[in-house]
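Written below as structure tokens is the structure these notes are about.
A, B, ... follow the sequence lines: proteins, then strands. Residue 1 opens every chain.
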Amino acid sequence: MDKQDSKQIFSDAKGWSRDLEKEIQKRLDNLELSNFDVKIAKPFFGIDTPPPYPSGRPWHLGAAAQYSQIDAIARSERMLGKGVLFPIGMDRNGLPVERYTEKKYDIRMRETEREKFIELCRGALDDLQSEMVEILKAIGFSADFKNMYRTDSDEYRALTQATFIKHWKDEMIYRGNRPTNYCVECGTTIADAEIEYKELPTKLAYFTFQVKGSKDTITIASTRPELLGACRAIIANPEDTRYKSLIGKRAIVPIYKTEVDILGHSSAKPEFGSGAVMVCSYGDYNDVLLFKELGLDEKIIINENGRLTDAAGKLAGLTVNSGRKEILRLLQEDGSLEKVQEISHRTPTCDRSKSPVEIIPMDEYYMKIKDLKDKVAEIIDGLNFIPEQHKQILLNWMKVAADWPISRRRFYGTEIPLWYCKKCNEAYVPQPGRYYRPWKENPPSETVCKKCKSTEFYGDTRTFDTWMDSSVSSLFVTKYLNDANFHSKTYPLTIRAQGVDIVRTWLFYSIVRCFELTKTPPWSNVWIGGMGLDEHGEKMSKSKGNGVDPMLIIERYGSDAFRFWAASEASPGSNFLFSEQRIMGAQKFLTKLWNVAKFIKEFGDYGMTEKPKKLLPADKWILEELSSAVKDSLKGYTAFNFFVPSNRLREFTWNIFAPHYIEMVKARAYGKDFSKEEKLSAIYALNQTLRTILLLLAPICPFITESIWTSLYSEESIHKMRFPSSITGFEEMAKYSNIIIEFNTKVWREKRSRGVSLRDSISLDIPTDLEIFEKDLRAMHNLK
RNA sequence: GAGCCCAUGGUCUAGUGGUUAUGACGUCUCCCUUACACGGAGAAGGCCGGGAGUUCGAAUCUCUCUGGGCUCACCA
């Protein structure tokens, strides 16, 4: 936008709006603020930006608010004189797009040719990605879009694989056949971190086992009767008088007629159900522990399609749910079923598909976590968390974190770069540096099995958990293994910024992985944003239908109003409640600022930068008040806290500058009954104050500040300026603030009580405290 | 069951040993005043969740109770 245009807008527009913003957006898009050059000698500031998953509209309003805050980190650091590396990538691996693609084309992944399915996913992502970029640009996100990376690019996947290969060689990875969390709907193993517990209604069935060699029976209660065929023991609490005499005997499993031991074990709680429990492979995590502890033989009764196996006898082939109905019918027929109780049960579900998780023994790759706990806890302790208290979330998770299953039985992900010898099954690990696809490629030519010298291999068909990719984002953006010079100058980064919802995944895995690879924590600061909730404080979600499309809000009130709202609504780390009314409030403030600028612009180019020889007391006073706002705002920015500057600047502008100072000097600025020298002093202070407010507000409201700035002060963008330092020399004026405000209020109240208009003249004495402002105050209130 | 966090006018929120307890939104009344009616001025509205303690002095520190939120664990 050139100066002519902005003047046009100024004279016409009554307030700030989205339409004005769109004009500025074009200009800002071309600024290339995010250009980063390691050769330029500025203090380095690197941001590990969360790569958003392109999920299409509506994007989560809380996420949009959070990204606008992350953008404010980048903008404020630029204005603090740093060389800011502000990368942006798209997280494009994993389940969400696979599920989206299945739905969109009405196909099933496993019934589709792998190559074809991958193509469809990629196409879907490309569409969703361009929409995501549009949204990011609309909220004023100033990251390096020119070098936008994708976690599914050959280059990125080569890095994920290279880091895996290093972990493999360092013996950080092992392969194990262990009962793991398995989501039938997604058809893959999932990690503990991906489990979400939900209270779901379920049936608790009570049924009897015949005690061998006696007429006694023992009743057990189970929510998983369909696992009866995999029952290997019954346990009861050794203190439980009802069952004491039965411990050590054997019981006959109804329907299946197999025999199992009745054992004493403290994990059976007498007060729950019947007090006796059947132990099956595997109903829950406790069963896993008991099988291990009691040395029981597992019987695989559920397969990876979620159907009961031959081990289930008559139930073979049924799904878990229909198997449950059928076994209850059979038990009823058999006379073993005592009763069925409706209960609410905390059920582990998959956080992607929301369906119940089964525990099935699967052959998977694991990354060792348990051995690292102490070291990782130490690293976490050394990081600066914003807010400090959120460090605890991660430390708590650390205490229970188990080894991380990293392999997934899915198609759209980074392939596990391993082949196995067809003869002796020895693993072959390729050289790092290239992107490998073992499911469709042979290993590099001339590969010979180091054990048996065979040249025949088969590739692993699995992919990685997507967190394997995103947990090395800080390495990718610093060109690890790719540009040693760049990496050494940019790693570790300065700050990780992210939401509280992915602390135990992205944050935790990033620390573990990057530290293992580089022996250095990937950043020194961790900024954790709170969650955006609906107006009643409930989580926004598509299923609840309480989500709000941030683009609609931005179209209605503008991006700056949205960003100002996000900044001023809550301290960093606190959750914030959506409120359209409060976003309107933010827009009102921008309109106020706009009108202040319109007023000041009237005086043209006088004395805007050149300090007049003599400043009048009122002008010194406002500069002192301004100075205090500068100090507070800068303190907020250096702590990555935008709540402080946004509220401080709103308060200063709206409650001090506009009603008191501007009113005080209005007559002088117009030059009515004042000398030219006095007039220039006012105009200087007015401009100085506005300039400073604009500079300090620019990281939070990049559009309106750019618009006013380029219209009044410079051809050069405000976003290439430095923050002002606080003004000194007027400290003694601070004492007048309260008395000025009190006096003005007193006059206004007086006029009101006399029923005269504000411009009417009354006679009133100026207090001696305020004598130095007498001329301004008389003019302001029209005092005789 | 354990840990962490929170409790301030109708609503949201600032405040970390001394303030007349901050601001926003909302409410009520008056006012077109050469930036702004998308505005201005004024007003009402709070025993800072309850109780006990430390202190000359507590919204602020300690204990305790109550009520919320989050996380983890157990639940056959």
- Message: When you measure from the side-chain N and O atoms of N286(A) to the phosphate of rC75(B), is any distance below 4.0 Å, counting only OP1 and OP2?
- Response: yes
Pairing partner of rC47(B), by Watson-Crick or G-U wobble and under 3.5 Å for both distances, is none
- prompt: Below 6.0 angstrom between ring centroids: does that apply to W748(A) and H660(A)?
  reply: yes
Rounded to whole Å, CG of N655(A) lies from P of rG39(B) at a distance of 14 Å
To the nearest angstrom, the CZ-C1' distance between R324(A) and rA76(B) comes to 12 Å
Here the distance between atom P of rG15(B) and atom CG of N641(A), to the nearest Å, is 9 Å
Over-ring placement of K339(A) relative to Y206(A), 6.0 Å and 45° cut-offs = yes
From CZ of F643(A) across to P of rG23(B) the rounded distance in Å is 13 Å
| query | For T591(A) and rG39(B), is the shortest distance between a side-chain N/O and OP1 or OP2 below 4.0 Å? | reply | no
**Request:** With P as the reference atom in both, quote the distance from rC6(B) to rA76(B) in angstrom, rounded to an integer.
**Result:** 34 Å
Between CZ of F589(A) and P of rU13(B) the distance, given in whole Å, is 21 Å
Of K746(A) and I600(A), the one whose closest nucleotide on RNA chain B sits nearer the 5' end is I600(A)
The answer to which of S574(A) and E742(A) contacts RNA chain B further toward the 5' end, by nearest nucleotide, is S574(A)
* pair F385(A)-W527(A): side-chain heavy atoms closer than 4.5 Å -> no
Worksheet item: Within the side chain of R563(A), is there an N or O that forms a donor-acceptor pair under 3.5 Å with the backbone of I700(A)?
Response: yes
Separation of rU71(B) atom P from N575(A) atom CG, nearest Å, is 10 Å
ask   = So does R582(A) reach the base of rC12(B) with its side chain, donor to acceptor, closer than 3.5 Å?
value = yes
Winner on side-chain proximity to P659(A), out of rA41(B), rC74(B), rA76(B), is rA41(B)
In whole angstroms, the gap separating P of rU13(B) from CZ of R650(A) amounts to 14 Å
Quick note, W654(A) side chain, CB onward, closest among rC12(B), rC74(B), rG40(B) is rG40(B)
Rounded to whole Å, CZ of R752(A) lies from P of rA41(B) at a distance of 12 Å
task = Quote, to the nearest angstrom, the C1' distance that separates rA59(B) from rU22(B).
result = 12 Å
Does K269(A) contact rC75(B) through a side-chain donor or acceptor facing the base, at a distance under 3.5 Å? no
Q | Donor-acceptor contact present, side-chain K601(A) to main-chain I708(A), <3.5 Å | A | no
